Q: 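Before I ask anything, here is the structure I am working with.
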Amino acid sequence: MERTSCCIAGGGPAGMMLGLLLARAGVEVTVLEKHGDFLRDFRGDTVHPSTLRLLDELGLGEEFARLPFAKLREMRAQIGDTTVVMGDMRHLPGRHKYLAMVPQWDFLDLLARAAAEEPHFTLRMHTKVTGLRTTDGRVTGVRFVDEHGTPGELAAALTVACDGRDSAVRAAAGLRQQQFEVPMDVWQVRVDAPPSKGNPPSDDLKSGRVFARFGGGQAAVTMDRGTYFQTSYLIGKGRDAELRRHDIQWLRDRLGALFDWDDRVTGAIGSWDDVKLLEVTFGRLARWHRPGLLCLGDAAHTMSPVGGVGVNLALQDAVAAARILAQPLLRGVPGVADLARVQKRRQLPVAVVQKTQQAEHTMIRAALDGTLDGDRLPVPMRLLRRVPPLRTVTGYLGGIGVRPERAPSFARVRPGARSRRG
């Protein structure tokens, strides 16, 4: 029987960050990731100022800075012909006054490289968790299938579910999220970048620019990745099958009208096979844990994609969990009270963000039913246009958030040190 102190199901942002931090505390930790790499598109690509500060504290800031990324200092939305600055991060405290727009696989590769330097860390790719081991009602590890299809078991003092919105571990534990209503699902597509018009953008904006457009019963957000645009097109909840009865040119025309793209750009959408559906779910667990098991990130609180805050919240969950659970894990088996402390620490920030997202859903619902336009802006948008300091407040809430977490002392690297052990 294989054994570890902490088994983490899922090698996404929360899982990799938690694994790195616990390993730096001296905890034996094993991360199980069902895929063979991190190269999956249409993931959250925003790294927030609070996360950038965390990377500095972990001694990873310089390596992150060498990655190709763009800096987003303002969050803007265009409603009809009216532009609204939804958040301004140029006046945030600290060094990082922007969102870093970086492909998530680059971010995860960085965390994986740092964790691989720790003798107590193990990452097993191509390893899918298929169930839980239990003894007298306590979770004591997982069952899995490896890359060769061979079943196995891993015993653990603590199992952490970081396997996302469709968490298999959460389901196996019998935990069910309270679901909140959402007005939309999301189609995700890639189109070729259109030829630039007018003056070239600054270095910070050559890629990573984000455009949110609402009008004519449509809503979409697209991110400029230099050679292509990664685009999220919002549709009414549950309407995917109905709308796919149209010819694909119908979607090309709608995107073209919304973003002023011609057929050379939208022609990259060859068929409906190129349009991926994200069925939006939105909810949270009343209890994030049971004996021997803790859920974090989307496994505990599935976030709406609006605002791109899900990754940041998951990372903050991981930092809080590492700080609270490192010593109990080093002593042996964390108790239920230890797991409850993690939830108590993180449930307020989650509740605040989800309440904000519910307000944003009201705007999306109006956009999709055609009642949102530049002449009839919701009150919050009118205030943002008339009172510029409010944009800094929303920038702070979006970029840093409520109760941001700092790296625990056992995981920090002193400035100028090449590695934690150097």
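Remember, predicted model here, so these are calculated numbers, not experimental data. The first residue in the sequence is number 1, and the count goes up from there.
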Q: Using a strict cut-off of less than 4.0 Å between a Lys/Arg side-chain nitrogen and an Asp/Glu carboxylate oxygen, indicate whether R346 and E405 qualify as a salt bridge.
A: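 Salt bridge: yes.
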Q: Distance alone, cut at 3.5 Å: any donor-acceptor contact between the side chains of Y233 and Q188?
A: no
Q: Check the side chains of W187 and D240 for a donor-acceptor pair under 3.5 angstrom, ignoring hydrogens and angles.
A: yes
Q: Are D56 and R95 ion-paired here, with the side-chain N under 4.0 Å from a carboxylate O?
A: yes
Q: So, for L58 and R24, which heavy atoms are closest and what is the spacing to 0.1 Å?
A: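 Of all heavy-atom pairs spanning L58 and R24, the closest is O-NH1, 3.0 Å.
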Q: Side chains of R90 and Y98 only: does a donor on one sit below 3.5 Å from an acceptor on the other?
A: no
Q: Quick one: do R113 and E63 make a salt bridge, cutoff under 4.0 Å?
A: yes
Q: Tell me whether the count of non-hydrogen atoms from other residues, nucleotides or ligands lying under 6.0 Å of NZ in K97 goes above 12.
A: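 Buried by this count: over 12 neighbours within 6.0 Å.
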Q: Do we see a donor-acceptor contact under 3.5 Å between the side chains of H120 and E118?
A: no
Q: Return the orientation label for the F64 and F69 ring planes: parallel under 30°, perpendicular over 60°, tilted otherwise.
A: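 Tilted.
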Q: Any side-chain donor paired with an acceptor under 3.5 Å for T302 and Q177?
A: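 Yes, Q177 and T302 have a side-chain donor paired with an acceptor closer than 3.5 Å.
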Q: What are the two closest heavy atoms between L329 and C6, and how far apart are they?
A: CD1-CB, 4.2 Å
Q: When L22 is tested against each of V27, L158, V160 for side-chain contact (heavy atoms from CB on, under 4.5 Å), which residue passes?
A: V27
Q: Do S50 and N312 have a side chain donor and acceptor closer than 3.5 Å?
A: yes
Q: Taking atom types as modelled, is there a side-chain donor on Q178 or R284 under 3.5 Å from an acceptor on the other?
A: no
Q: Looking only at side-chain N and O atoms, does T83 offer a donor or acceptor that is under 3.5 Å from a partner on R76?
A: no
Q: Taking all non-hydrogen atoms of both residues into account, name the closest pair between V169 and A9 and its distance.
A: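 In this case the closest contact between V169 and A9 is CG2-CB, 3.6 Å.
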Q: Is the shortest side-chain N to carboxylate O distance from K34 to E147 below 4.0 Å?
A: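 Salt bridge flag = no for E147 with K34.
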Q: Going by atom types alone, do T281 and R165 pair a side-chain donor with an acceptor below 3.5 Å?
A: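 R165 and T281 do have a side-chain donor-acceptor pair below 3.5 Å.
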Q: Measuring from F282:CZ to Q357:CD, what's the distance to the nearest 0.5 Å?
A: 5.0 Å
